[in-house]
Amino acid sequence: MRLSELNTGERGVIVKVNGHGGFRKRIKEMGFVRGNKVKVILNAPLRDPIEYEIIGYKISLRREQAEKIEVISESEAKRVLSSNENLQAIESTDEYLENEMTTLAEERRKLIKVALVGNPNCGKTSLFNMASGAHEHVGNYSGVTVDAKEGTFEHGGYKFLIVDLPGTYSLTAYSPEELYVRQNLIDDVPDVVVNVVDASNLQRNLYLTTQLIDMNLRVVMALNMYDELLRSGDKLDIRQLGYLLGMPIVPTVSRTGEGIENLFDTIIQIYEKADPHLARHIHINHGAEVEQSIERLKALISKTEDIRYKYSTRYLAIKYLENDSEIEGVVESLSNRDEIIAARFEENARIRELMGSGLESSMVDAKYAFVQGALAETYSPSGKRKSSSFTDKIDAVITNRWLAFPIFFFLLYLVFNGTFIIGEYPMKWIEWIVGHLGSFVASVMADGWVKDMIVDGIIGGVGSVLVFLPNILLLYLFISLLEVSGYMARAAFIMDRLMHRIGLHGKSFIPMIMGFGCNVPAIMATRTIESHKSRLITMLVIPLMSCAGRMPVYILIAGAFFPRNAGLVLLGLYALGILLAIVAAKVMSRFFKEDDLPFVMELPPYRIPTAKSIIRHTWEKGRQYLQKMSGIILVCSLAIWFLGYFPNHDAYGSVREQQEHSFIGYIGKTMEPILEPLGFDWRMGVGIVAGVGAKELVVSTLGVMYADDEPVEADGTPEESETLGETRLQKALVRSVSPAGALAYMVFILLYFPCIATFIAIRNESRSWKWAIIIAVYTIVLAWTAAFITFRIGSLLML
Ligand code: GDP
Ligand code: MG
């Protein structure tokens with residue numbers, strides 16, 4: 001009986017909760033767990049919700065929810081008791097009745113509804129016949145099973161009610177068979193779905209599986225035709241595939257009945273949730289952009305609370321975005337339908353702009369990419385039966401054991417070189433424009449601190465960061481090329497095994513590489529990593545990747561102190577960053593206790609990217625970067641300017657003296673005791689403080705700080721300018737710092753606090769200040785320690 005059918009005052013014992021996973025979970029959290037007693041407080045025919053008492057609490061349920069809960073009622077128990085003659089004499093006491101209800105509920109629970117779902121000709125009917133002993137017609141052509149056939153089977157103390165559904169390749173609303181299967185899964189919700197899969201044709205069969213995953217049902221996979229898989233010599237890691245898909249997989253040969261006992265044992269385990277590791281609910285990842293559309297639609301659809309009882313809202317959102325005609329009907333009935341329709345329209349347009357194809361085909365692609373990725377990790381066909389699609393052929397080269405890494409590093413080399421070589425031109429133009437804008441503004445404004453603020457603080461400060469925009473855009477352009485063509489997914493795939501050794505995933509690799517360009521977009525790129533743990537660790541180690549902004553500091557100092565080995569020093573610094581990132585990732589992955597669940601690395605089909613889609617992609621990312629960062633950069637530039645300008649702006653003759661007596665000078669001097677063991681003087685400390693805004697600012701700050709250090713030239717005239725050019729700054733540095741201290745300084749610049757923009761990006765992406773602050777603290781501690789060690793060892797070696 002259904003819980004909704006109980007009358008006011010009547011009691012019942014819960015047998016089970018039907019419906020999709022999300023619904024069952026919510027209802028169970030309210031206490032509607034099997035075996036619990038429930039009493040109806042008020043159930044009037046036209047009243048909704050109905051009021052219940054369960055485990056001492058009063059709870060109201062919508063009628064639709066109560067319909068999905070199966071119970072044994074008092075009246076059912078009484079009927080059984082009264083039919084038993086021996087017991088008629090005994091007064092049916094309350095306790096007696098309750099015991100009987102519980103017993104009946106337990107018995108009823110042993111009836112499991114199973115639905116067989118799979119492609120045509122995968123062996124469903126054979127399996128059905130083997131199990132039920134019925135002799136349905138088995139035919140080797142599509143469409144033999146027109147209607148659903150039901151049969152029963154007993155095994156392991158349970159009784160199974162099996163439905164053989166028509167074979168389908170997918171669960172769209174296009175054909176009557178597909179609609180029929182869907183209806184059965186949604187309206188009659190079987191306790192367990194058996195996804196029958198033809199092991200000799202996995203790629204096509206698993207597509208349907210991805211749709212079952214969307215529906216959030218309890219699924220067991222029968223890997224049928226297992227005999228043929230064995231015969232072909234192909235290798236399949238069944239356990240791993242099961243992990244990736246989140247469902248148990250049982251090999252079967254339904255022609256002979258092999259594996260069927262095992263299959264039903266597994267069905268019982270899933271039904272009884274005997275082993276929580278046997279199954280889990282996963283989401284097919286449709287890629288960051290499409291997922292954003294799904295989330296938006298899901299949120300809108302979820303506004304109608306009642307819709308959740310029948311459908312998983314993620315499933316609804318996905319199907320609606322796929323233009324599923326039946327789900328469109330469901331959405332039409334919602335009160336906020338206009339909003340939802342408009343949202344789909346917008347999202348479709350957005351995705352079409354970005355990817356060059358609409359949501360529907362993007363989602364089909366994503367599902368195939370998921371299947372392809374899952375199989376690439378678990379399945380290796382024997383030499384005999386090589387598939388020869390375009391994508392497979394390219395993959396054979398690109399993921400080849402010997403060629404994969406050389407190809408990969410060659411492409412990386414092209415990307416970075418391309419970024420810097422091509423980027424230099426627009427960089428010069430921006431420098432020129434900023435310079436001229438500055439002098440123009442300076443010439444039209446009246447002298448005073450407002451003018452200084454605008455010229456030096458805003459134009460100069462923002463300009464010094466803006467020059468890196470071409471580099472960043474170019475990097476995005478190359479990355480978009482690699483991404484849209486499908487190569488990036490392969491790169492992640494190739495790196496996966498190596499990355500696992502340090503507790504990360506293949507997908508962490510791309511953001512880390514991007515970190516060499518600029519840490520900010522790298523932090524944003526971690527969005528593609530599903531695992532929360534991996535994503536956080538990746539964000540935590542990205543600041544150790546030496547970004548382009550640190551490069552000018554190395555060039556200045558390495559050129560001054562180690563002119564003959566500058567390249568080696570540079571390489572050493574990059575290597576140190578990578579080494580420490582590896583160590584840090586390893587250490588941090590110990591701290592996270594979170595289960596590290598495996599997930600599929602999607603392998604989308606290769607595409608030749610269109611110019612339009614690449615430009616859109618790049619622009620979209622560049623825009624995001626600018627939007628997020630422009631405000632922060634402005635604020636920081638102003639702050640640094642303010643600290644360097646006040647107080648005492650007019651009290652001293654030279655800029656150097658003024659800086660020394662400004663806030664930033666005071667901070668630098670206060671820091672001296674901390675920096676002294678590293679071999680730095682207070683002026684270098686000021687450089688460090690300025691570098692908090694952006695590491696590019698270190699060099700220009702040092703230029704100001706060492707301006708007074710200029711010795712009188714041979715002709716007797718001291719340096720005119722207030723800041724030093726690069727070579728003279730280098731000379732000044734050599735005079736005041738030891739080589740060991742200089743080396744330590746570069747190490748410090750490499751490792752300490754990335755920059756405000758990165759800090760904010762981490763705060764935004766991790767959605768907590770906690771992680772941003774942790775990064776700030778650990779990088780500073782790491783930088784000090786590493787610089788200290790460098791200075792000590794360096795002093796011993798170089799004196
Ligand atoms: P359905 O369309 O999914 O119901 O598939 P059928 O049960 O009608 O089976 C289609 C064909 O596959 C029949 O010729 C079966 O004999 C054959 N078949 C079913 N299961 C197996 C199996 O495990 N191994 C092999 N080799 N053939 C099978
Ligand atoms: Mg059939």
Side-chain angles (χ1 to χ4, degrees), residues 113-153 155 160-172 174-185 188 190 192-212 215 217 219-236 238 241-242 247-267 371 379 381-382 384-385:
K113 276 203 305 186
V114 174
L116 305 182
V117 179
N119 287 184
N121 281 317
C122 64
K124 290 181 302 301
T125 305
S126 312
L127 199 150
F128 177 82
N129 289 349
M130 264 298 161
S132 67
H135 291 284
E136 289 304 327
H137 177 55
V138 179
N140 193 9
Y141 51 91
S142 313
V144 168
T145 320
V146 198
D147 227 332
K149 302 260 177 346
E150 291 198 359
T152 57
F153 173 59
H155 175 80
F160 298 87
L161 192 65
I162 311 173
V163 192
D164 179 19
L165 293 170
T168 59
Y169 291 112
S170 105
L171 292 177
T172 46
Y174 292 137
S175 74
E177 281 89 11
E178 295 183 0
L179 266 181
Y180 185 91
V181 174
R182 249 167 62 165
Q183 227 111 53
N184 188 287
L185 295 181
D188 292 346
V192 178
V193 174
V194 172
N195 178 203
V196 186
V197 159
D198 175 355
S200 61
N201 200 339
L202 284 168
Q203 204 165 3
R204 198 186 60 198
N205 276 253
L206 291 183
Y207 184 70
L208 179 66
T209 310
T210 61
Q211 298 191 318
L212 290 172
M215 292 176 88
L217 301 165
V219 185
V220 174
M221 182 182 293
L223 187 69
N224 198 35
M225 313 247 183
Y226 192 60
D227 52 335
E228 293 201 5
L229 183 87
L230 290 179
R231 188 144 16 95
S232 69
D234 298 355
K235 297 253 176 315
L236 179 67
I238 296 176
L241 184 62
M247 62 180 69
I249 302 180
V250 184
T252 57
V253 182
S254 55
R255 189 139 59 179
T256 62
E258 252 176 283
I260 290 189
E261 301 256 309
N262 213 336
L263 175 67
F264 280 89
D265 283 338
T266 312
I267 294 173
V371 170
Y379 176 65
S382 65
K384 286 178 274 174
R385 239 168 23 99

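Keep in mind the model is a prediction, meaning the values are calculated, not measured. Note that ligands are numbered from 1 as they come in the structure, with each ligand's atoms numbered from 1 the same way. Below, each value reflects all heavy atoms present in this structure, side chains not excepted, and no hydrogens, waters or symmetry copies.
- No donor-acceptor pair under 3.5 Å is formed between the side chain of Asp188 and the backbone N or O of Asn184.
- For the pair Gly118 and ligand 1, no heavy-atom separation below 4.0 Å is found.
- Under the 3.5 Å distance criterion, the side-chain polar atoms of Lys124 are matched with a main-chain donor or acceptor of Asn119.
- Metal site remark for the Mg ion (ligand 2): Thr125 contributes an N, O or S atom at a distance under 2.8 Å.
- Less than 4.0 angstrom separates some heavy atom of Asn224 from each of these atoms of ligand 1: 20 (N), 21 (C), 23 (O).
- Of all atoms in ligand 1, listed by their number and element, those nearer than 4.0 Å to a heavy atom of Thr125 are 1 (P), 4 (O), 7 (O).
- In this structure, OG on Ser132 lies 8.5 Å from CG on Asp164, to the nearest 0.5 angstrom.
- Distances from ligand 1 to the non-hydrogen atoms of Gly167 include no value under 4.0 Å.
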*Step-by-step side-chain contact (heavy atoms from CB on, under 4.5 Å) determination, Val220 to Val192*: CA-CA 7 Å; Val220 174; Val192 178; 3.9 Å; yes
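- Results of the side-chain hydrogen bond (donor to acceptor under 3.5 Å, both in side chains) test with Asn224 over Ser200, Ser254, Ser126 single out Ser254 as the only residue that passes.
- Near Val253, meaning under 4.0 Å from one of its heavy atoms, ligand 1 places the atoms 22 (C), 23 (O), 24 (N).
- Side-chain contact check for Leu236 versus Leu202: some heavy-atom pair is nearer than 4.5 Å.
- Inclusion of Glu228 in the set of residues having an N or O under 3.5 Å from an N or O of ligand 1 is warranted.
- Residue contacts with ligand 1: Gly123 is placed with a nitrogen or oxygen under 3.5 Å of a nitrogen or oxygen of the ligand (distance criterion only).
- For atom 12 (O) of ligand 1, the candidate residues are Met225, Lys149, Arg255; the nearest heavy-atom contact is made by Met225.
- Here the side chains of Phe128 and Lys149 are in contact, with some heavy-atom distance below 4.5 Å.
- Contact annotation for Asp227 and ligand 1: only side-chain heavy atoms (C-beta onward) come within less than 4.0 Å of the ligand.
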